[in-house]
Number of protein chains: 2
Amino acid sequence: MFSNSSKYALTAVIHLASQTDEAHKKMVKDLSLYTDIPKAYLAKLLQQLSKHQVISATKGPKGGYYLTEENRKLPVYRIIEVIDGTHRLESCVLGLEDCNAENPCPLHDLVNPSKAILLNTLKHMSIEELAGKLNKNDGFSIPGT
Amino acid sequence: MFSNSSKYALTAVIHLASQTDEAHKKMVKDLSLYTDIPKAYLAKLLQQLSKHQVISATKGPKGGYYLTEENRKLPVYRIIEVIDGTHRLESCVLGLEDCNAENPCPLHDLVNPSKAILLNTLKHMSIEELAGKLNKNDGFSIPGT
DNA sequence: GAAAAAGTATGATAATTATCATATTTCGGA
DNA sequence: TCCGAAATATGATAATTATCATACTTTTTC
């Protein structure tokens with residue numbers, strides 16, 4: 001479903017969301033220890049996310065990665081977009097370029113309902129909402145169902 | 001979602017379903033031409049499917065691949081199972097080994113509803129049903145929705 | 001019963017993805 | 001103002017996946 005890179009990125013951002021803000025930053029090293037993601041690989045992913053303003057970073061001593069309020073407002077989908085690009089999730093399940101509702105591939109109708117729900121969820125739920133859900137662990141429903 | 005190999009396998013089996021039976025077989029070469037799947041790669045996939053009795057084959061002149069009635073009764077899921085194994089589709093979206101309803105990963109509740117629907121569909125719809133649906137192109141609904 | 005047409009088996013190459021390593025830049029504090 | 005701690009940039013290696021090639025076996029047909 002997601003690439004390894006996206007899985008790592010999602011995991012890392014979720015941790016950042018629940019444990020950092022402008023005043024409490026996290027170094028790659030600590031995030032790596034905590035999440036079991038290889039340090040150098042994680043660093044690369046965080047750099048990409050930072051470059052695209054999905055997460056924030058400050059260099060130097062006392063520096064590290066963290067999420068601003070703005071970062072938190074971004075949809076979860078944005079993380080995947082930056083790391084994997086849009087094609088992987090959006091494209092036809094059989095990899096056909098010209099598959100759509102009018103000209104569906106054999107599996108289109110079979111797979112699309114689930115896919116649509118998933119995409120809708122990823123695009124509409126913000127990082128903040130996801131993290132909040134985790135902290136409260138309250139009842140929770142998928143938008144669109 | 002699916003691996004390239006699974007996509008190819010699905011495409012190929014769908015074609016076999018709509019165009020072959022015990023009396024009308026298809027050679028790898030022709031399937032390859034028709035589906036635009038590299039011949040040698042397709043051959044390897046069909047061999048795997050054949051070895052696991054998902055599709056049928058006869059050697060020699062006038063031979064080729066085809067689907068029996070038994071083959072057609074198999075769930076679509078079986079194709080993916082043979083090619084990709086079960087782990088890829090069933091495992092946690094973040095790749096955690098011990099993720100489940102009691103001990104869910106951060107994305108579990110977010111992704112699981114769509115995933116459950118998809119898996120349910122793949123496991124309950126037979127190859128025959130999928131092919132029949134294509135031929136008739138009639139209204140169609142996903143079981144479980 | 002030999003020849004050719006098919007699948008079968010096995011392994012080699014290429015491309016992509018995951019992982020690691022190293023040098024560079026920036027910033028805070030002594 | 002200079003040292004060290006952090007992110008940043010870039011590129012090298014390893015592992016996996018996709019693709020290709022070749023030799024072997026089976027079976028039909030003449």
(message) Pick the closest DNA chain D nucleotide for B/R88 and for B/K39 by heavy atoms, then say which residue is nearer the 5' end.
(response) B/R88
I need the [atom1]-[atom2] distance between [X] and [N], as an integer number of Å.
X: B/Q48; N: C/dG7; atom1: CD; atom2: C1'; answer: 15 Å
X: A/Y41; N: D/dT16; atom1: OH; atom2: C1'; answer: 12 Å
X: A/I37; N: C/dC20; atom1: CD1; atom2: C1'; answer: 15 Å
X: B/Q53; N: C/dT8; atom1: CD; atom2: P; answer: 12 Å
X: B/L31; N: C/dA6; atom1: CG; atom2: C1'; answer: 13 Å
X: B/I83; N: D/dT17; atom1: CD1; atom2: C1'; answer: 13 Å
X: B/H52; N: C/dG7; atom1: NE2; atom2: C1'; answer: 17 Å
X: A/Y8; N: C/dT17; atom1: OH; atom2: C1'; answer: 12 Å

(message) If you count heavy atoms of other groups shown closer than 6.0 angstrom to NZ of A/K39, is the number above 12?
(response) no
(request) Cation-pi check, B/K7 to B/F2: give yes when NZ or CZ is under 6.0 Å from the six-membered ring centre and within 45° of the ring axis, no otherwise. (result) no
(request) Report yes if at least one side-chain N or O of B/S5 is closer than 4.0 Å to OP1 or OP2 of D/dA18; otherwise report no. (result) yes
(request) Please determine if A/E81 and A/R78 form a salt bridge, counting it only when a charged side-chain N lies under 4.0 Å from a carboxylate O. (result) yes
(request) Taking all non-hydrogen atoms of both residues into account, name the closest pair between A/I117 and B/S114 and its distance. (result) CG2-OG, 3.6 Å
(message) When you measure from the side chain of B/S56 to the backbone of B/L67, do you find a donor-acceptor pair of N or O atoms at a distance under 3.5 Å?
(response) no
(request) Using a 4.0 Å heavy-atom cut-off, write out nucleotides 6-12 of chain D from 5' to 3' as B (base contacted by protein), S (sugar-phosphate only) or - (no contact). (result) BSBBBBB
(request) Applying ring pair (Phe, Tyr, Trp, His ring centres under 6.0 Å), name anything that partners B/Y8, two or more places apart in sequence or on another chain. (result) B/Y41
